[in-house]
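If you're wondering where the values come from, they're calculated on a predicted model, not measured in any experiment. Chain A is the first sequence line, chain B the second, and so forth, proteins listed ahead of strands; every chain is numbered from 1.
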There are 2 protein chains.
Amino acid sequence: MRIGELAKATGTKAETIRYYEREGVLPAADRTDSNYRDYTDGHLATLTFVRRARELGFSMSQVRELLALSDHDDKPCENVDQLVQRQLVEVKRKIADLSAMRDELAQLLRSCQSDRIGECRIVESLGRRN
Amino acid sequence: MRIGELAKATGTKAETIRYYEREGVLPAADRTDSNYRDYTDGHLATLTFVRRARELGFSMSQVRELLALSDHDDKPCENVDQLVQRQLVEVKRKIADLSAMRDELAQLLRSCQSDRIGECRIVESLGRRN
DNA sequence: GCTTGACCTTGTAGTAGCTACAGGGTCCAT
DNA sequence: ATGGACCCTGTAGCTACTACAAGGTCAAGC
């Protein structure tokens, strides 16, 4: 299949697919006579895997690790488990950070009762004294 | 005050302060005879404002907007309000996205009962068939 | 007076993960 | 043979810093 078809099938831009190839998360495809990339179903599966992992917030290097691990059918999957575990912790941390932001922003909004900047609690709360 | 002092006072690296100057979120300071930047308390207040806004997730261009707005004491602060509102919505959206990620990651972890990659639900769920 | 070390200066390049060209080649239908 | 849709490579841009390199300044200590 050509790059455009693979792109459509996975919701990925062709440029991104080529980028993934350069970054080593998608093996280079064979080329046609006219030098077009020719992808297999294996490529489709791998790209789906990569996109899914990226959607779950794994970094490119983590994706590389996951791919390397998933290539060894017979090895224990405790390492995969660990990567997922670590990512889960990271995501939870981000949620906590954002929740704090959300609360502070909501607090800011509640604090502003005035209508002129000069008396605006928001501007004041952020630390500006003119 | 010199850049190092301002840096320490605000928990910002000197390089970041110079970057903020280039980006127009912190006015250029006067220079001493030896060409060192010489900051005022006004700079300290502005930098505190900028850092706080950045911590709350505002982008640099939003920070620029907030600064521009906060310069007009007599104008209504409804625009400030709107910016905060919009940022709150955005933060909530990110929290929702991350919560979905968290749930999926947790689900992945629960799904993996096997110990070999070949049978690993995690690898399978991500879309890889070898 | 000279050195040492901490500070400051500019300018440039790197980070992550794409995305968007420019400038060119290929292929198929009309 | 011409148009349009696709493909190719290579490079530059995006955000918000961060990290140098190569050099200038200044106060303290000998």
I'd like to know if Leu26(A) and Tyr36(A) are part of one continuous hydrophobic network [Ile/Leu/Val/Met/Phe/Trp/Tyr, side-chain heavy atoms within less than 4.5 Å].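 As far as the 4.5 Å side-chain criterion goes, Leu26(A) and Tyr36(A) are not connected within one cluster.
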Considering all heavy atoms, the nearest Ala29(B)-Asp38(B) contact: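 Answer, listing the atom of Ala29(B) first, then Asp38(B): CB-O, 3.5 Å.
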Mind checking what makes side-chain hydrogen bond (donor to acceptor under 3.5 Å, both in side chains) contact with [X], not counting sequence neighbours?
{"X": "Arg22(A)", "value": "none"}
{"X": "Arg37(B)", "value": "Glu21(B)"}
{"X": "Tyr39(B)", "value": "none"}

Thr40(B) and His43(B) side chains, donor-acceptor separation under 3.5 Å: yes
Will you find, in the side chains of Arg54(B) and Tyr20(B), an N or O donor that is under 3.5 Å from an N or O acceptor? no
For Lys13(B) and for Ser61(B), find the nucleotide of DNA chain D with the closest heavy atom, then tell me which residue's nucleotide is more 5'.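 That would be Ser61(B).
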Whole Å only: how far is the [atom1] atom of [X] from the [atom2] atom of [N]?
{"X": "Asp30(B)", "N": "dC8(C)", "atom1": "CG", "atom2": "P", "answer": "17 Å"}
{"X": "Ile3(B)", "N": "dC7(C)", "atom1": "CD1", "atom2": "P", "answer": "13 Å"}
{"X": "Asn35(B)", "N": "dC7(C)", "atom1": "CG", "atom2": "C1'", "answer": "14 Å"}
{"X": "Ile17(B)", "N": "dT10(C)", "atom1": "CD1", "atom2": "P", "answer": "13 Å"}
{"X": "Glu15(A)", "N": "dG23(C)", "atom1": "CD", "atom2": "P", "answer": "16 Å"}
{"X": "Arg22(B)", "N": "dT12(C)", "atom1": "CZ", "atom2": "P", "answer": "11 Å"}

On DNA chain D, which is the earliest and which the latest nucleotide, 5' to 3', with an atom closer than 4.0 Å to a heavy atom of chain A? dC6(D) to dT9(D)
What is the nucleic acid contact for Arg18(B), judged by heavy atoms within less than 4.0 Å: base, sugar-phosphate only, or nothing? base
Side chain to side chain contact (heavy atoms under 4.5 Å, CB included) partners for Arg64(A), two or more places apart: Glu23(A), Val25(A), Met60(A), Ser61(A)
Is Glu90(A) paired with Arg93(A) through a side-chain N to carboxylate O contact shorter than 4.0 Å? yes
Per-nucleotide protein contact string for nucleotides 25-30 of chain C (B base, S sugar-phosphate only, - none; heavy atom under 4.0 Å): BBS---
